[in-house]
Visitor: 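Here you go, one structure.
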Amino acid sequence: MAITGIKGFNDILPGEVEKWQRIEATARRVFEIYGFSEIRVPIMEKTELFSRSIGDATDIVEKEMYSFTDKGENRVTLRPEGTAGVMRSFIEQKLHVLDPVTKLYYMGPMFRYERPQKGRYRQFHQIGAEVVGVTNPRIDAQVLIMLCHFFQELGLTEPTLQINSLGCPECRPLYRAALKEYLEQRREELCDDCRRRMETNPLRALDCKVPGCGVATKDAPSVLDHLCQGCDDHFAAVRRHLDVTKTPYSVNHRMVRGLDYYTRTTFELVTGLLGSQSAVAAGGRYDGLIEELGGPKLPGIGFAMGVERVALLLSGEGFARVPDLFIAAHGEAAGDEAFRLMTLLQGEGFRVELDYEGKSLKSQMRRADKLGARFTLIIGEDELATGQGMLKAMADGSQVALPLAASPLAAALSCS
RNA sequence: GUGGCUAUGGUGAAGCGGUUAACACUUACGACUGUGACUCGUACAUACGUGGGUUCAAAUCCCACUAGCCACCCCA
């Protein structure tokens, strides 16, 4: 029995990988327009970093982390998300002394021990961005606009923006208490899960999928009515900036976050096309996190998107690169000439293919067609004798004789 | 961690107790013209996830295991 891969760890094969490259290249291009620089941090960190930042009581920390003890008796964890490691690096490398505003983006694998399903894997990939040092709500809007810009560039209209505010350490506890009180009144109408949630995290009851809970929480108090003045003003400003820049969004006051560090603005890009995994990208403000991790008292905001989920939205296959030229050679001497010309043209930057096995001309033509080559250069004994190869345009079958040298071939390949 | 569904070649699949395990695609070679697509021919599963059981007879029925998918929980 051959060795198989690990459950929930996938191979990304040619044909699919082109889509990933496009997503990554688009992210780099768009994020850099907005002044973000890439940062690369390790995929493992001390376990403590994640329990401190994400929150001890969250599902991620409680049951989904790939944690183990290394040979030096250190507790380490394969990162389940990107923000914690980036913030650790930010603090450790004292990036804030270089510039009061830091804009970073990252991409790479994350690991969560969950049951795999559509759009959810144990090794999955995120592209994320973080801004540290700006409290002004314009940066919230900026980040959202950038995210929308990214999806536009990919030609996707589907994920739509939803925003909410979770308040701050001042006003959230008050809201939480108000919500809990409301839920207590309706205890009978709630599902078992929600009754449990009432204690651990009452906000979760708001996005429960059980129909009965939806009805029961229909008139539940909204966070947005419980924001303190500062949070309320902040959220209003974010919306104003989105309106002014004509960025489409909707307010979803029932939106909840799974990580503890979020404050004030939170958002998700959601789609109905991915089964139960509706969130394609999500993020928010985390004003207390950096200080919590032992860094300076600086605000932050960021998001992460799931690359697998974005790839699922990109219709069709990523298509493979097609050769500019296939050189079909008939006979040993012609094969040598084909190889020489191929090397020359590759040096000029053309994608050139040929047959390595000395197969029949027919086979070679078939392969040229299969690969989708735009042109095929045919070289046999006659062509070798005259020094003129036949260049065939595969689309219409027309042929012209051309000298067997790099520059005339390069010229022919460049036009049309 | 909990449910449901499914497991036949490189792929999509037929098969419903006795068949040489269909068919299509892919791949390879060949015919038509030293030159692709269309057409045609030939080849490609001692084998039906693994292990047991029932039966004269199992890919087909039963059980267990494993894997995959989807959903719940939760999340990007």
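Here is the naming used below: chain letters follow the sequence lines, and residue numbers restart at 1 for every chain.
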Visitor: Check every strand shown and say whether G119(A) touches a base, only sugar-phosphate, or nothing at a heavy-atom separation below 4.0 Å.
Guide: base
Visitor: Classify I379(A) by what it touches in the nucleic acid, base, sugar-phosphate, or nothing, heavy-atom distance under 4.0 Å.
Guide: base
Visitor: Could you check whether R309(A) and T271(A), counting side-chain N and O atoms only, form a donor-acceptor pair closer than 3.5 Å?
Guide: no
Visitor: Can you check the distance between C63(B) and U19(B), where both ends of the measurement are the C1' atom (answer in whole Å)?
Guide: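 Looking at atom C1' only, C63(B) and U19(B) are 28 Å apart.
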Visitor: Donor-acceptor check, side chain of Q93(A) to backbone of L95(A), threshold 3.5 angstrom: yes or no?
Guide: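 No; zero donor-acceptor contacts below 3.5 Å.
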Visitor: Whole-Å distance between U35(B) C1' and F375(A) CZ?
Guide: 16 Å
Visitor: Quickly work out the Y105(A) OH to A76(B) P distance and round it to whole Å.
Guide: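 Spelled out: OH on Y105(A) to P on A76(B) is 22 Å.
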Visitor: Can you check the M305(A) CE to C75(B) P distance for me, whole Å?
Guide: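 From M305(A) CE to C75(B) P: 20 Å.
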Visitor: Would you indicate, yes or no, if A76(B) has its OP1 or OP2 atom less than 4.0 angstrom from a side-chain nitrogen or oxygen of Q126(A)?
Guide: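 So the side-chain polar atoms of Q126(A) never come under 4.0 Å of the phosphate oxygens OP1 or OP2 of A76(B).
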Visitor: What contact category does E268(A) fall into here, base, sugar-phosphate, or nothing, at under 4.0 angstrom with non-hydrogen atoms?
Guide: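 Contact class for E268(A): none.
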Visitor: Rounding to an integer number of Å, can you tell me how far L13(A) CG sits from G10(B) P?
Guide: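 The answer, rounded to whole Å, is 15 Å.
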Visitor: For Q117(A) and A76(B), give me the distance from atom CD to atom P, rounded to whole Å.
Guide: 14 Å
Visitor: Would you say a side-chain N or O of K63(A) is under 4.0 Å from OP1 or OP2 of C74(B)?
Guide: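 No, K63(A) has no side-chain N/O under 4.0 Å of OP1/OP2 on C74(B).
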Visitor: Examine the side chains of Y286(A) and E292(A) and answer whether a donor and an acceptor come within less than 3.5 Å of each other.
Guide: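 No, E292(A) and Y286(A) have no side-chain donor paired with an acceptor closer than 3.5 Å.
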Visitor: If you count heavy atoms of other groups shown closer than 6.0 angstrom to CD of E381(A), is the number above 12?
Guide: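 Open.
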Visitor: Given atom NZ of K7(A) and atom P of U66(B), what is their separation to the nearest angstrom?
Guide: 10 Å
Visitor: For R374(A) and G36(B), give me the distance from atom CZ to atom C1', rounded to whole Å.
Guide: 17 Å
Visitor: Whether the side chain of R115(A) and the base of C74(B) hold a donor-acceptor pair under 3.5 Å is what I'd like checked.
Guide: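 No, no donor-acceptor pair under 3.5 Å.
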Visitor: Contact class for R112(A) vs. all strands (heavy atom < 4.0 Å): base, sugar-phosphate, or nothing?
Guide: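 Base, at least one base atom sits under 4.0 Å.
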Visitor: Given atom NZ of K118(A) and atom C1' of C75(B), what is their separation to the nearest angstrom?
Guide: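 After rounding, the reported distance stands at 16 Å.
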Visitor: So what does T58(A) touch, heavy atoms closer than 4.0 Å: a base, only the sugar-phosphate, or nothing?
Guide: nothing
Visitor: What I want to find out is whether R257(A) reaches E268(A) closely enough, with some N-O distance under 4.0 Å, to be called a salt bridge.
Guide: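 A salt bridge links R257(A) with E268(A).
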Visitor: Kindly point out which of U35(B), C29(B), C74(B) is positioned nearest to the side chain of D59(A)?
Guide: C74(B)
Visitor: Looking for any heavy atom pair under 4.0 Å, which part of the strands does D369(A) touch: base, sugar-phosphate only, or nothing?
Guide: base
Visitor: May I ask you to evaluate whether T4(A) reaches the phosphate of A67(B), defined as a side-chain N or O under 4.0 Å from OP1 or OP2?
Guide: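 The answer is no; no side-chain N or O of T4(A) sits under 4.0 Å from OP1 or OP2.
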Visitor: So what does I127(A) touch, heavy atoms closer than 4.0 Å: a base, only the sugar-phosphate, or nothing?
Guide: nothing
Visitor: Would you classify G283(A) as touching base, sugar-phosphate or nothing, given that sugar-phosphate means primed atoms plus P, OP1 and OP2, and contacts are heavy atoms under 4.0 Å?
Guide: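 Since no nucleic acid heavy atom lies under 4.0 Å of G283(A), the category is nothing.
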Visitor: Once you apply the 3.5 Å cut-off to both distances, tell me the Watson-Crick or G-U wobble partner of A45(B), or none.
Guide: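 Partner of A45(B): none.
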Visitor: Reckon A281(A) touches a base, only the sugar-phosphate, or nothing at all at heavy-atom distances under 4.0 Å?
Guide: sugar-phosphate
Visitor: Identify which nucleotide among G30(B), U35(B), C75(B) has an atom closest to any side-chain atom of R366(A), counting heavy atoms from C-beta outward.
Guide: G30(B)
Visitor: Answer with base, sugar-phosphate or nothing: what part of the nucleic acid does S363(A) contact at a heavy-atom distance below 4.0 Å?
Guide: sugar-phosphate
Visitor: Answer with base, sugar-phosphate or nothing: what part of the nucleic acid does E357(A) contact at a heavy-atom distance below 4.0 Å?
Guide: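 If one applies the 4.0 Å heavy-atom cut-off, E357(A) turns out to touch nothing in the nucleic acid.
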Visitor: Is there a donor-acceptor pair closer than 3.5 Å between any side-chain N or O of D11(A) and the backbone N or O of L13(A)?
Guide: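 No; judged by distance alone, with no hydrogens or angles, the pair does not exist.
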Visitor: Going by the angle between their ring planes, with limits at 30° and 60°, are F36(A) and F31(A) parallel, tilted or perpendicular?
Guide: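 Because their plane-to-plane angle lies in the 30° to 60° range, the rings of F36(A) and F31(A) count as tilted.
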Visitor: Is E81(A) touching bases, backbone alone, or none of the nucleic acid, heavy atoms closer than 4.0 Å?
Guide: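 If one applies the 4.0 Å heavy-atom cut-off, E81(A) turns out to touch nothing in the nucleic acid.
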Visitor: With syn defined as a glycosidic angle within 90° of 0 and anti as the rest, where does C16(B) land?
Guide: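 Syn.
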